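Note that the coordinates shown come from a computational prediction; the quantities given were computed from them, not determined experimentally. We count ligands from 1, going down the list as the structure has it; atoms in each ligand are counted the same way.
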Amino acid sequence: MNAPHPAPAARQTLYREMSPLHLTPLWEVLHALVPPQPASPCVPALWKYRDVRPFLMRAGELITAEEAVRRVLILENPALRGQSAITQSLYAGLQLILPGEVAPAHRHTQSALRFVVEGTGAYTAVDGERTTMHPGDFIITPSWTWHDHGHPGRGPAGAHGNEADQPVVWLDGLDIPMLRFFDAGFAENSPEKSQRVTRPEGASQARYGHTMAPVRGDAPYGATSPIFNYPYARSREALHQLERTTPLDAWDGWKLRYVNPLTGGAPMPTMQPFLQRLPAGFDGRAWRQTDGAVYSVVEGAGTAYIESPQGPLRFEFEARDHFVVPSWQALRLQSESGCVLFSFTDRPVQQALGIHREERLA
Ligand code: GTQ
């Protein structure tokens, strides 16, 4: 029997009267709960480094790294303001450390990746080992490991134009929104400002960084890579060699994923970083993927064309700019001059759940 004419009013009455019992009808929301395809609330966004940098330096004058604990400007998705998120699952920020400063030791269950944007001479310490940061280095802080950052440079007072006396800025990528979603975040401050150095710089690289591994003893950080600095000099050389030996991919240019050398999988359980090179004159094809991506432009310049539900967008990017491409919004890359791009996504989590999809468009 068809629903009688007064049904709409009667339905509203039903909804209203069940509401105090915290009940709500599925059929009013089903289409949005189980959409035919992803409909991300995120929007594409571009942060030009020349616009962002002055605010970072002003922050550097107003608060020390120690007082701030981490002096970071969060890159917030314009459609997720107040949530400290660049996509629904990922956090990104730009962290500044000045010569002479220390960002004190703490640990948390959130995993972090760093990608060095500007400056040399700062270090990050993980589990008793320090690694010196250079532009383009990809660095890991495994979940629940003690970490502090510092910059031993002499600072403005002793500045002689030495590069070790310059500010250092890096991109922080963390799985903060993911852990918040699971209500599984823990954190602890260390009584020591800087952790004691117990291993010489390069110890992790020596044991795990040469497609070899120690005969005894296994993964010191569980599912996270035992290498915590992937230096740009080496990853850039890998792209160079790829360029000389491998055909160009029409969508990606030459693109590599960073791996955990012990597993061949992602370097950390929640995030997958990538490095790619687009040659001069590259005019790439469009693709979309369910893992929203955060990009840091390493070298050169180019254009990103993104098909968002709000309409097509065009981002002109250059070195040190950052941009975000939400889930399932088609991206096409072009570069007149050639460029190198770093990016990261939540792909390992989607792959673990068996839900990752990618579609390469004609
Ligand atoms: O360096 O430990 O951007 O704990 C946000 C939270 C950086 C860090 C961030 C953090 C860190």
Checklist entry - Considering only heavy atoms of H106, which atoms of ligand 1 have at least one such atom less than 4.0 Å away? => result 2 (O), 4 (O), 8 (C)
Next on the checklist: Using every non-hydrogen atom in the two residues, find where S194 and V102 come nearest and quote the distance to one decimal.
Outcome noted: OG-CG1, 3.6 Å
Checklist entry - Given that the side chain starts at C-beta and the backbone is N, CA, C, O, which of these parts of L174 lies under 4.0 Å from ligand 1, counting heavy atoms, or is it both or neither? => result side chain
Next on the checklist: Out of all atoms in ligand 1, which are within 4.0 Å of some heavy atom of V72? Include the element for each.
Outcome noted: 3 (O)
Next on the checklist: I'd like to know if the side chain of T290 pairs up with that of Q350 as donor and acceptor (distance under 3.5 Å, no hydrogens or angles considered).
Outcome noted: yes
Item to check | Proximity of R71 to ligand 1 by residue part, where a heavy atom lies under 4.0 Å | outcome: neither
Checklist entry - Where on Q110 is there a heavy atom closer than 4.0 Å to ligand 1, on the side chain, on the backbone, on both, or on neither? => result neither
Next on the checklist: Show the atoms of ligand 1 that are less than 4.0 angstrom away from any heavy atom in Q95.
Outcome noted: 1 (O), 7 (C)
Checklist entry - Are a donor atom and an acceptor atom from the side chains of E28 and Y15 found within less than 3.5 Å of each other? => result yes
Checklist outcome for this item: When distances are taken from atom 8 (C) of ligand 1, the protein heavy atom at minimum range is R70 NE, 3.0 Å
Checklist entry - To the nearest 0.5 Å, what is the distance between OG1 (T345) and CD (Q289)? => result 6.0 Å
Checklist entry - For atom 5 (C) of ligand 1, which protein heavy atom lies nearest, and how many Å away is it? => result Y91 OH, 3.4 Å
Next on the checklist: A cation-pi test, strictly: NZ or CZ of R257 under 6.0 Å from the centre of the six-membered ring of F274 and no more than 45 degrees from its axis. Yes or no?
Outcome noted: no
Next on the checklist: Please list, in number order, the atoms of ligand 1 under 4.0 Å from a heavy atom of H108.
Outcome noted: 2 (O), 4 (O), 10 (C)
Checklist outcome for this item: min-distance protein heavy atom vs atom 7 (C) of ligand 1 -> D172 OD2, 3.2 Å
Item to check | Side-chain donor-acceptor pair present, E299, Y232, cut-off under 3.5 Å | outcome: yes
Next on the checklist: Does either side chain, that of Q334 or that of D283, offer a donor lying less than 3.5 Å from an acceptor on the other one?
Outcome noted: yes
